[in-house]
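In listed order, ligands and their atoms are each counted from 1. In this chain, numbering begins with 1 at the start of the sequence shown.
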Amino acid sequence: MGACRHDWSLEEVQALYDLPFMDLLYKAHSVHRDFFDPREIQFSSLLSIKTGGCPEDCGYCPQSAHHGADLEKERLVKLEQVLSEAKEAKEKGATRFCMGAAWRNPNARDFPLVLEMIKGVKGLGMQCCVTLGSLDEDQASALKDAGLDYYNHNLDTSPEYYDKIITTRSFQDRLNTLEMVRDAGINVCCGGILGLGEGETDRSRLLMELANMPQHPDSVPINLLVRVKGTPLENAKEIDPFVFVRTIAVARIMMPKSYVRLSAGRESMDDSTQALCFFAGANSVFFGEKLLTAPNSQANRDMALLQRLDLYPSKLAEDNHDHERDPALTRPVEDALSA
Ligand code: SAM
Ligand code: DTB
Ligand code: SF4
């Protein structure tokens with residue numbers, strides 16, 4: 001049974017990446033079966049609660065005020081709208097409702113309203129996640145008190161490549177916010193983006209940073225860059241889909257108990273690539289017509305794909321942190337983690 005390690009070296013991560021593709025997938029899928037039902041996919045639904053005009057300069061992001069993406073700016077949405085969107089997402093099978101705001105950090109005027117939104121979503125019996133930028137200790141503990149289950153704050157890329165993509169907030173700032181979230185007792189949702197022009201070593205370093213945190217993030221979103229017109233990365237070179245699949249597989253092996261989310265970028269991904277991602281250990285997706293501002297894979301396409309692959313959306317009760325497995329599903333893979 002794979003142990004949770006926090007001492008990965010770059011050489012070890014690269015050795016996993018460099019395994020023959022089929023060996024890597026076999027190993028990752030074996031680890032996946034040790035901890036999860038390989039047929040179950042967790043659905044999260046996204047809502048942008050404050051759109052555009054962000055003071056940060058993240059090179060991939062259409063919501064940055066530094067770039068010229070064609071985007072309608074929106075003020076904080078109303079509580080009623082949040083609740084009706086959350087209800088609809090729940091009816092469609094989402095177990096988690098995630099709200100994102102284009103802020104550097106939450107401000108004193110809007111933060112109490114976000115706390116009300118969290119309480120409202122919790123009142124519907126859903127898990128709740130928010131991503132609001134950097135936090136201080138008091139904000140983290142207020143979020144916890146409001147009942148927040150997850151906080152999303154991504155590392156995005158390797159520490160070495162980071163300042164080619166973002167200059168207004170440091171990699172260390174991100175680690176500090178993550179520490180505050182962890183210390184407040186909120187589950188951490190933290191991952192990155194591929195296709196930013198990063199190199200192989202950057203992808204390994206990103207996964208190494210994630211896995212070597214004091215605790216593995218509970219959710220690990222792996223985004224494929226959505227190239228948006230008007231952003232500095234609108235013409236970034238596409239990456240080989242098999243590199244994306246390899247990244248999912250390596251993340252699964254390094255963080256065996258975490259939910260690995262096949263996140264942004266599914267709209268442009270073909271069904272076979274997504275199927276390979278699920279085999280490699282992805283067990284969560286964003287479900288619904290829209291991500292924050294960009295289109296997502298259509299719900300009917302997702303449902304058809306799940307059916308064709310004999311997968312099913314997780315139920316709330318099963319989507320927890322008690323990874324008790326049905327022994328009938330466990331294969332003899334004691335050696336799954338030995339190189
Ligand atoms: N403003 C907050 C922050 O950055 O912490 C929260 C919202 S932000 C949009 C959340 C994450 O979405 C980013 O960290 C990034 O990983 C991802 N993201 C943003 N734009 C993207 C794009 N064009 N393609 C893929 N992922 C993207
Ligand atoms: C994450 O890792 N991906 C989501 C969520 N966390 C907040 C956001 C993806 C955004 C894609 C671009 C957009 O919709 O603006
Ligand atoms: Fe702002 Fe978040 Fe977009 Fe960066 S990723 S520009 S912080 S909304």
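Among protein heavy atoms, atom 5 (C) of ligand 2 sits closest to Phe286 CZ, 3.7 Å. For atom 14 (O) of ligand 1, the nearest non-hydrogen atom of the protein is Asp156 OD1, 3.2 Å.
Remark: ligand 1 atoms within the under-4.0 Å shell around heavy atoms of Arg169 are 3 (C), 4 (O), 5 (O). Of all atoms in ligand 1, listed by their number and element, those nearer than 4.0 Å to a heavy atom of Leu292 are 9 (C). Remark: ligand 2 atoms within the under-4.0 Å shell around heavy atoms of Ala294 are 13 (C), 14 (O), 15 (O).
Both the sub-6.0 Å distance and the 45° axial angle are not jointly satisfied by Arg246 relative to the ring of Phe21.
Under the 4.5 Å side-chain heavy-atom criterion for ILVMFWY residues, no single connected hydrophobic cluster contains both Val243 and Val226.
Close N/O approach between Ser263 and ligand 2 is not found [any backbone or side-chain N/O within under 3.5 Å]. Ligand 2 has an N or O atom lying under 3.5 Å from an N or O atom of Asn152, backbone or side chain. Below 3.5 Å of separation, one finds an N or O of Ala101 facing an N or O of ligand 1.
Counting only non-hydrogen atoms, the option in Asn152, Ile165, Asn105, Thr131 that gets closest to atom 7 (C) of ligand 1 is Thr131.
At a 4.0 Å heavy-atom cut-off, ligand 2 does not touch Ser48 at all. Under 4.0 angstrom from ligand 2, there are no non-hydrogen atoms of Val228.
In this structure, atom 1 (Fe) of ligand 3 is in close contact with the protein, since a protein heavy atom lies within 4.0 Å of it.
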